[in-house]
Visitor: 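Below is a structure I'd like to ask you about.
Excluded from the calculations below are hydrogen atoms, water molecules and symmetry mates; all remaining heavy atoms, backbone and side chain alike, are included. A, B, ... follow the sequence lines: proteins, then strands. Residue 1 opens every chain.
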Protein chains: 2
Amino acid sequence: MLCAPLAVAIGWRYADERADQGRWARVALSSKKVRTIYDLAELAGVSAATVSRALAGKSLVSSATAERIQRLAEEHGFRPSSLARNLRTRRKGAIGVVIPLGHETTQHISDPFFMTMIGFLADELTERGFDLVLSRVIPKKDDWLEKMISADRVDGFIIIGQSDQSAVLDKMARDYLPMVAWGAHLRGQIHCSVGTDNYLGGLAATAHLMDRGCRRIAFFGNPQAVEIRQRLDGARAAVSARRPGAELIETPTHLAGELTAEDIAHFLDHAGTPPDGIFAASDLIAITAMQVLHSRGLTVPGDVKVVGYDDLPFARTSVPPLTTIRQDIATGARQMVELLLKRIDGEATGSVVLNPELVIRSST
Amino acid sequence: MLCAPLAVAIGWRYADERADQGRWARVALSSKKVRTIYDLAELAGVSAATVSRALAGKSLVSSATAERIQRLAEEHGFRPSSLARNLRTRRKGAIGVVIPLGHETTQHISDPFFMTMIGFLADELTERGFDLVLSRVIPKKDDWLEKMISADRVDGFIIIGQSDQSAVLDKMARDYLPMVAWGAHLRGQIHCSVGTDNYLGGLAATAHLMDRGCRRIAFFGNPQAVEIRQRLDGARAAVSARRPGAELIETPTHLAGELTAEDIAHFLDHAGTPPDGIFAASDLIAITAMQVLHSRGLTVPGDVKVVGYDDLPFARTSVPPLTTIRQDIATGARQMVELLLKRIDGEATGSVVLNPELVIRSST
DNA sequence: CGCCTATTCGCAATCGATTGCACGAGGCGC
DNA sequence: GCGCCTCGTGCAATCGATTGCGAATAGGCG
């Protein structure tokens, strides 16, 4: 009973269950673990409010005490609890990154594109003090986004790969601002997107093949995804506009799904005259196609020229090195983060369309 | 002035800034947005404490009121703030997943293994109510783990790929329990790891090549990483024990780094008699090797037989389909999460070593 | 030397949920 | 019919940081 008021004199935080530690706390104060701004305030001989302001770099505290407090915090390895801060400020300090992360069932699993993108996003977000909370989604029902938003655990969302979910995004974007998606830009879309111009990319790839003398050009990719569709459109435009004599062979849609080696082999074996040029909608498909061509005794670029899409790291090291359309993923990631932060602050931003770039290597 | 006491009678939460809304609050109560358990408590005519208990499924509330409250919460789409809960319970509700996520500079970028693993981890963690907070790390200095731990933003860590950081892990594991790493198990290690038996895997792969008649077996991989080293040890054991006549050709270490197509080509061109069997330390290396072999006019499995490691999805669809050592990533992910949860609860667990499995396809 | 205006700092409320403790109301036996 | 024991609820403190507002101290000026 004697301890309590004594403890209170030292600091009210010892008034309850720690009352019996009051004396000890006083003696061994400097060696006690600094867990809260109150502990640090006691050490510095100021109030918790001052510590909070000093650590937040507010101008209301004199620079002298601010520095002293910051040095103390540094010494004791103290970092204010982000939980408490977030509770008070009503922010989460985290961004949700949503990816159609499948396993066996989908193609994406083996697509290194996502990994690359995530790497850059992690950098950008960490640098700005946000955590990257990753979610995988199998968009079976249309309410996945709604649920994630209402869970309210992050300050905003970055969606990688809209594929066929553009409508869902649009619906939510109507009254949920902090959301940016990677991928195609569609006329009239409401949500904010960042991506390269797939039409231009398709155009450039196909035009390049024709410049190399190709006349029968096959397109490998599943145009059900918007991005791929736009690349196909670009390819069509290139063929019909630039070289009236050339021809574009599109994959039968029933084969356009996963596009495994077997699919490609089947397509080649039943396509009649083989194509002399292949425009693959991704580097992965291009590599697979080259393997199949090899196994059919066709040489690249001798018999068939191949162009990929994405310019992932392994495109440079394949045999032969792959000509491809480069998407600047680093820039894309930075753009997305910047736009998202603006939107978190309530600013309604437009979308960004980046220019793709043709990278010529030995496969064409 | 008249409103205030009235509001208080309705609920103390209107006593301050919302005092002027008191009357409205009373009338339009049911249409007001339910943001907190206090709001819901008001609706249900009980106290916030009861709401909290009901939503947490505690047995202290009668099942009747519990049900009623849960139904109300459902109707209004109310979910208690995880921030406030975590602050109070001193938990974070999130697990940090750490990956050596490089971009251009490292090989890992293009390794789909990580993506697969993350997919499964995301599932397991989400199912158990944890967020997956992803961090990439370039282990230049040895304090990366220490910093992440002291940041104290997650309940525990899953480290994917110890590579050469085993010592760092061990150091921290001494007084930080909630941490599980994927990868090799070393004798005497302190930290908890989950992984397949790389020695057995190397043994099986090499034995299989010898069963297929190979005599000159090349090992492709960088043994500086512990896992790879163990696979190499297994390969050595297989060669010396089973077929005294066989021979193991190890890559010169100066070539063992990135192992790009060029490296492999250079190796093959300067190795004198070419090998008749290749054991690649990853599927990615195996695929690259097969491409190089093709370009050298060597057939698989005719001239050279190739075994990979991991059994990633694309191993099945390569040309030819790749014989490989399967690591059950799904099981590994589940094991890691389960062990981690135990460790979060303070239980010191042992490590887990899973058995690899030889998957025979057409490349051998 | 006294008064006035800036600065600096502390008090206390607040964010939203959890939980030990105490209180009140039925159910039971005797 | 009375006392005791459960069971169900409510009160209020608490997690740790932020911030409006008021107090105190400092310095500037006449």
Visitor: Whether A/Arg35 contacts D/dC15 is assessed here as follows: a side-chain N or O lying under 4.0 Å from the phosphate OP1 or OP2. Is that the case?
Guide: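 For D/dC15, neither OP1 nor OP2 has a side-chain N or O of A/Arg35 closer than 4.0 Å.
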Visitor: With the side chain counted from C-beta on, respond yes when A/Met148 and A/Val137 share a heavy-atom pair under 4.5 Å apart, and no when they do not.
Guide: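 Yes, close enough: below the 4.5 Å cut-off.
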Visitor: Can you pull every protein N or O that's under 3.5 Å from an N or O on nucleotides 20-23 of chain C?
Guide:
residue: C/dG20; atom: O6; partner: B/Arg53; partner atom: NH2; Å: 2.5

Visitor: Would you say the side-chain atoms of B/Arg334 pair up with the backbone N or O of B/Glu124, donor to acceptor, closer than 3.5 Å?
Guide: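 Side chain of B/Arg334 to backbone of B/Glu124: no pair is present.
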Visitor: Looking only at side-chain N and O atoms, does A/Ser63 offer a donor or acceptor that is under 3.5 Å from a partner on A/Glu67?
Guide: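 Per modelled atom types, A/Glu67 and A/Ser63 side chains form no pair under 3.5 Å.
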Visitor: So that I can tick it off, tell me whether A/Arg79 and A/Glu74 are bridged by a salt bridge, with the cut-off set at under 4.0 angstrom between side-chain N and carboxylate O.
Guide: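 No, A/Glu74 and A/Arg79 are not salt-bridged.
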Visitor: Using a 4.0 Å cut-off on heavy atoms, which residues in residues 147-154 of chain B reach DNA chain D? List them by number, or say none.
Guide: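 Heavy-atom contacts with DNA chain D come from no residue of residues 147-154 of chain B; none.
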Visitor: For the side chain of B/Arg85 and the base of C/dT18, is some donor closer than 3.5 Å to an acceptor across the two?
Guide: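 No.
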Visitor: Name the residue closer to the 5' end of DNA chain D, choosing between B/Ser62 and B/Arg88 according to the nucleotide with the nearest heavy atom.
Guide: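 The 5'-side residue here is B/Ser62.
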Visitor: Over all strands shown, is B/Val46 touching base, sugar-phosphate only, or nothing at heavy-atom distances under 4.0 angstrom?
Guide: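 The residue B/Val46 makes sugar-phosphate contact but no base contact.
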Visitor: Would you kindly say whether A/Ser193 and A/Gln189 are connected by a side-chain donor-acceptor distance under 3.5 Å?
Guide: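 Yes, because at least one side-chain N or O of A/Ser193 sits under 3.5 Å from a partner of the opposite role on A/Gln189.
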Visitor: Would you indicate which nucleotide in C/dT18, D/dC11, D/dA17 comes nearest to any side-chain atom of B/Ser47?
Guide: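 So the nucleotide nearest the side chain must be D/dC11.
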